[in-house]
Amino acid sequence: MIPRHKRVGSLLQWFDRSQRVLPWRENKDPYRIWVSEIMLQQTTVKTVLPYYERFLKKFPTLESLAKSSLDKVLVAWSGLGYYSRGRNLHKAAEILVKEYNGKFPRDVQELQKLPGIGRYTAGAVASIAFDEKVPLLDGNVIRVLTRLYALRGDPRKNPLLEELWGKADSLLPQKRCGDHNQALMELGATVCLPREPLCLLCPLNDSCEGNRLGIARELPQKVKKSYHKRYRLITLIENNGRYLIARKSAKKLMGRLWEFPSFDLKNERIPDSLSRIVEKVLGIRVKNATLIGKISHAIMNERFVVPVMKCKVVRLRRTTPTQQFYTGFRWIDPKKLAEYPTSSVNRKALGLL
Ligand code: SF4
């Protein structure tokens, strides 16, 4: 077995040669690193890049983010998904400015007291921004480590999860811990690929147990996820070229976001009584209800099938919201939807028009 310091050395040399140029690597500003780490949770680098550039332009500093309204932050986040990340980012910025004098703590325990910062993000900010000697474990690092040590089991659960944190910790060098952590993530993202690990190009190949045993492709072990299927109908209600959008209550999933009014369905079948439901719930009589398409999307372990109907207003009975999960209504020019915090599903629904 190759000694630990040699492995670490070759990994860092590889990182110096091969790392991708990414905007959050331009400097060690903890604010920029934190924003990138939150955006990169559940989202690919390619998707994050344009959002990150736009977000940093709008909120170049921690203070500017803390001072902004939550709505503006959610507009900047629109389309990126998992909106609690945007809400937590804003809340954490306010706390950092008020209680920490606008400075990020270096300590991982202290960082984890902030909303939206768990063990992984705390490790990333502390090591990359402050070079603290702390490990981190994301999906890419988990793949590299399970292969490097040929570890079987469910990596999302203990005992393997804790063992992986221990392995990540034991590999940390004395210096350049942030670069070392980034190198492990980069290796997982560009070389130790999920289906086809490029072992010939890997700086760790002569000490990799998974490679030696020929089982790298099988690791980490796949664990079957169970999904719930759900059905929801989106209605695009038109009145003289304007469309109705409604704001969800802060307490609901995707709270405070605007959407085209939507309703849960029992199954894929659209009820014959759609016009009656719309009138009862929204106080609007509609006609010409037509199915214009269907969208599929997933949130966590839920798979949504979303038929989209368009219809025209016949008569407005009332204009105030009555549905318990809506707190406001607006009739908008569809081109203005981008000015409202809204989810990508609603943009897709509008695209069907
Ligand atoms: Fe991954 Fe292959 Fe490198 Fe092992 S040798 S860490 S399996 S790329």
Side-chain angles (χ1 to χ4, degrees), residues 1-22 24-25 33 36-37 40-49 119-121 123-124 126-128 131-225:
M1 178 77 61
I2 308 280
R4 189 188 66 93
H5 68 275
K6 283 208 173 155
R7 275 188 205 167
V8 167
S10 50
L11 181 63
L12 278 171
Q13 280 166 17
W14 169 83
F15 183 62
D16 289 341
R17 278 196 316 271
S18 318
Q19 64 173 299
R20 290 167 293 176
V21 177
L22 295 170
W24 45 88
R25 289 184 179 155
I33 290 163
S36 73
E37 291 300 335
L40 287 164
Q41 291 167 10
Q42 324 264 5
T43 314
T44 62
V45 168
K46 195 174 160 215
T47 306
V48 162
L49 279 170
R119 196 172 176 184
Y120 161 76
T121 310
S127 66
I128 301 170
D131 215 21
E132 290 287 304
K133 197 175 173 204
V134 286
L136 63 78
L137 213 55
D138 71 346
N140 285 319
V141 179
I142 285 174
R143 187 164 57 257
V144 172
L145 295 183
T146 52
R147 290 172 174 179
L148 192 60
Y149 295 99
L151 298 172
R152 292 187 185 274
D154 184 349
R156 295 172 311 162
K157 290 186 184 151
N158 283 333
L160 182 52
L161 181 60
E162 220 30 68
E163 186 177 355
L164 286 166
W165 277 105
K167 296 283 188 210
D169 191 50
S170 71
L171 280 176
L172 286 169
Q174 288 306 320
K175 287 181 186 161
R176 298 189 65 195
C177 287
D179 286 346
H180 166 84
N181 283 337
Q182 290 192 86
L184 278 176
M185 291 193 281
E186 189 79 349
L187 192 71
T190 61
V191 175
C192 195
L193 302 171
R195 284 191 198 156
E196 284 297 321
L198 309 172
C199 301
L200 284 176
L201 304 177
C202 178
L204 304 178
N205 62 10
D206 50 4
S207 61
C208 176
E209 274 298 284
N211 182 29
R212 189 180 70 79
L213 298 169
I215 57 168
R217 275 187 193 79
E218 298 160 29
L219 299 173
Q221 265 182 293
K222 309 272 174 301
V223 184
K224 263 202 176 165
K225 286 185 195 163

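Whatever order the structure lists ligands and atoms in, that order sets their numbers, starting from 1.
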> For the atom pair CG (N158) and CG (L164), what is the distance rounded to the nearest 0.5 Å?
Replying inline: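 Answer rounded to 0.5 Å: 9.5 Å.
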> Protein N/O/S atoms under 2.8 Å of atom 3 (Fe) of ligand 1?
Replying inline: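 Less than 2.8 Å away from atom 3 (Fe) of ligand 1 sit C202 SG.
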> What pairs meet the salt bridge (Lys or Arg N to Asp or Glu O under 4.0 Å) rule with one or both residues in residues 189-200, with sequence neighbours excluded?
Replying inline: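 Only E196-R217 qualify under salt bridge (Lys or Arg N to Asp or Glu O under 4.0 Å).
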> Are any non-hydrogen side-chain atoms of Q221 and D154 less than 4.5 angstrom apart?
Replying inline: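 The answer is no, as the side chains (C-beta and beyond) never meet within the 4.5 Å cut-off.
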> Hey, does H180 have a side-chain heavy atom less than 4.5 Å from the side chain of L11?
Replying inline: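 In contact.
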>> Tell me every residue that passes side-chain hydrogen bond (donor to acceptor under 3.5 Å, both in side chains) with T146, counting only those two or more places apart in sequence or in another chain.
In response: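 Applying side-chain hydrogen bond (donor to acceptor under 3.5 Å, both in side chains) to T146 gives none.
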> What pairs with W14 under ring-ring contact (aromatic ring centres under 6.0 Å, His included), at least two apart in sequence or on another chain?
Replying inline: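 With neighbours one apart ignored, the set is empty.
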